[in-house]
Amino acid sequence: MEELIEKVDWERNGGIVPVVVQDTEGEVLTLAYMDMEALKRTLETGYAHYYSRSQGRVRMKGEVSGNVQRVREIKVDCDSDALLLIVEQKGAACHTGNYSCFYRKLGEPERVLPMDYSLTILRELEELIRARKEKPVEGSYTSRLFQEGRERIYKKFGEEAVEVLVAETREGLIYETADMLYHLLVLLAYNDVSLGEVMAELRRRRG
């Protein structure tokens with residue numbers, strides 16, 4: 001694995017390389033970035049991990065949404081400074097709910113699909129988080145949070161809450177709120193508190 005990682009020219013772009021992501025049918029899904037750690041985790045787990053330039057850390061694609069990418073093949077370009085991933089895409093690759101991030105032609109308006117306001121996505125996420133707690137998965141950010149314990153989990157939730165408060169753009173606010181909700185569910189799972197109990201309390205207050 002180390003030999004494969006060393007074949008990439010990490011120096012040319014300051015330690016990160018662009019990654020074109022394509023499904024097994026040939027449709028381009030997104031453009032992402034990897035650093036050495038992201039590629040290592042991808043090779044270890046078989047699931048795509050990317051480097052988030054805005055947050056400065058490695059994230060598994062779909063760790064929060066469940067829209068994971070199972071990697072089938074990795075190719076490197078002729079200059080060894082860009083990668084191509086062939087993946088099995090689960091669900092949508094784009095944050096707008098569209099299958100691919102390249103769903104529109106230049107000049108066409110953004111198309112955000114109708115939002116599901118049910119708790120389905122939160123319940124699915126809660127189940128995934130509990131599964132990662134009970135059966136840790138190597139390379140999983142969620143599993144690592146539980147392994148690091150209470151202090152780390154509480155610190156991360158606090159950091160994400162602050163990120164919501166200081167977000168300067170609408171897109172940033174949406175992104176950081178999603179991160180905060182995810183880390184809140186991790187905190188609840190750590191304390192064996194279910195989302196249903198929180199919903200019951202909200203219902204009691206409404207009455």
Side-chain angles (χ1 to χ4, degrees), residues 13-19 21 29-38 41-42 47-69 91-98 101 103-104 109-126 128-130 132-133 139-191 193-195 197-199 201-202 205-206:
N13 295 307
I16 64 171
V17 295
V19 183
V21 187
L29 301 176
T30 191
L31 173 68
Y33 296 87
M34 280 187 178
D35 63 358
M36 196 176 295
E37 179 65 21
R41 291 192 200 173
T42 297
Y47 288 90
H49 286 67
Y50 301 119
Y51 177 78
S52 170
R53 293 176 299 167
S54 61
Q55 295 202 341
R57 64 182 174 91
V58 174
R59 301 167 59 95
M60 185 176 102
K61 172 66 175 176
E63 180 76 39
V64 174
S65 68
N67 296 336
V68 295
Q69 295 174 340
C94 183
H95 74 281
T96 62
N98 291 283
C101 291
Y103 64 85
R104 57 178 175 161
E110 183 174 358
R111 183 178 73 241
V112 179
L113 297 184
M115 181 60 62
D116 177 7
Y117 284 98
S118 72
L119 289 175
T120 300
I121 183 60
L122 289 178
R123 287 199 299 268
E124 291 175 352
L125 182 55
E126 181 181 46
L128 175 65
I129 288 170
R130 289 189 178 278
R132 293 291 186 268
K133 176 185 178 184
S140 165
Y141 173 68
T142 306
S143 294
R144 192 164 71 254
L145 280 176
F146 285 117
Q147 290 166 357
E148 292 174 347
R150 184 183 188 278
E151 183 176 349
R152 177 64 171 164
I153 291 171
Y154 277 64
K155 180 181 178 183
K156 282 303 299 179
F157 174 70
E159 289 175 354
E160 298 301 340
V162 171
E163 291 293 335
V164 170
L165 295 176
V166 300
E168 296 182 350
T169 65
R170 184 176 185 276
E171 184 178 75
L173 181 58
I174 293 170
Y175 188 93
E176 298 301 345
T177 299
D179 265 358
M180 185 189 70
L181 288 173
Y182 158 74
H183 285 90
L184 175 60
L185 288 176
V186 172
L187 188 153
L188 292 175
Y190 177 81
N191 289 284
V193 174
S194 72
L195 184 62
E197 292 175 277
V198 177
M199 296 301 104
E201 174 61 18
L202 287 174
R205 294 183 186 186
R206 189 181 69 174

With sequence neighbours left out, the residues meeting side chain to side chain contact (heavy atoms under 4.5 Å, CB included) with Glu168 are none
Looking only at heavy atoms, the pair that brings Tyr50 and Lys61 closest together is CE1-CB, 3.7 Å
Those residues at least two apart in sequence (or on a different chain) that pass side chain to side chain contact (heavy atoms under 4.5 Å, CB included) with Leu181 are Thr177
Contacts of Glu159 meeting salt bridge (charged side-chain N to carboxylate O under 4.0 Å, His left out) (sequence neighbours excluded), chain-then-number -> Lys156
For Tyr175, the ring-ring contact (aromatic ring centres under 6.0 Å, His included) test, sequence neighbours excluded, returns none
Taken in chain and number order and not counting sequence neighbours, the residues that satisfy ring-ring contact (aromatic ring centres under 6.0 Å, His included) with His183 are Tyr141
Under 3.5 Å donor-acceptor pairs involving side-chain atoms of residues 145-152, not counting sequence neighbours:
residue: Glu148; atom: OE1; partner: Arg152; partner atom: NE; Å: 3.1

The salt bridge (charged side-chain N to carboxylate O under 4.0 Å, His left out) partners of Glu201 (sequence neighbours excluded) come to Arg204, Arg205
One should read off an interatomic distance between Tyr154 OH and Asn191 CG, to the nearest 0.5 angstrom, of 3.5 Å
By salt bridge (charged side-chain N to carboxylate O under 4.0 Å, His left out), Arg130 pairs with (sequence neighbours left out) none
Sorted by chain and residue number, the side chain to side chain contact (heavy atoms under 4.5 Å, CB included) partners of Met36 (sequence neighbours excluded) come out as Ile5, Trp10
Scanning both residues in full, the closest heavy-atom pair of Ala93 with Leu29 reads CB-CB, 3.9 Å
All heavy atoms of Arg132 vs all of Ser143, minimum pair found to be O-OG, 3.2 Å
*asked:* Looking at Thr42 and His49, would you say the former's side chain and the latter's main chain have a donor-acceptor pair under 3.5 Å?
replied: yes
Evaluation steps, side chain to side chain contact (heavy atoms under 4.5 Å, CB included), between Glu160 and Val164 = CA-CA 6 Å; Glu160 298 301 340; Val164 170; 5.9 Å; no
Show your reasoning for whether side chain to side chain contact (heavy atoms under 4.5 Å, CB included) applies to Val21 and Leu31. CA-CA 6 Å; Val21 187; Leu31 173 68; over 6 Å; no
Main-chain N/O of Gly15 paired to Asp35 side chain as donor or acceptor, under 3.5 Å: no
Minimal heavy-atom distance between Pro18 and Asn13, with the atoms involved, is CD-ND2, 4.2 Å
- Cut-off 3.5 Å, side chains only: do Tyr47 and Ser140 have a donor facing an acceptor? no
Taken in chain and number order and not counting sequence neighbours, the residues that satisfy salt bridge (charged side-chain N to carboxylate O under 4.0 Å, His left out) with Arg41 are Glu37
If we only count heavy atoms from C-beta on, is the Leu125 to Tyr182 side-chain gap below 4.5 Å?
-> yes
Note to self: Would Thr142 and Leu128 count as a side chain to side chain contact (heavy atoms under 4.5 Å, CB included) here? Give the steps.
What the structure shows: CA-CA 9 Å; Thr142 306; Leu128 175 65; 5.9 Å; no
Here the gap from Asp179 atom CG to Arg59 atom CZ, rounded to the nearest 0.5 Å, amounts to 4.5 Å
Looking only at atom types and distance, does a side-chain atom of Glu126 sit under 3.5 Å from a main-chain N or O of Leu195, one as donor and one as acceptor? yes
**OP:** Walk me through it: do Glu110 and Arg104 pass the test side chain to side chain contact (heavy atoms under 4.5 Å, CB included)?
**Re:** CA-CA 7 Å; Glu110 183 174 358; Arg104 57 178 175 161; 3.7 Å; yes
Taken in chain and number order and not counting sequence neighbours, the residues that satisfy side chain to side chain donor-acceptor pair (under 3.5 Å) with Arg53 are none
Value for CG (Leu173) from CG (Leu165), rounded to nearest 0.5 Å, stands at 9.5 Å
Across all chains, not counting sequence neighbours, the side chain to side chain contact (heavy atoms under 4.5 Å, CB included) partners of Cys94 are Thr96, Asn98, Cys101, Tyr103
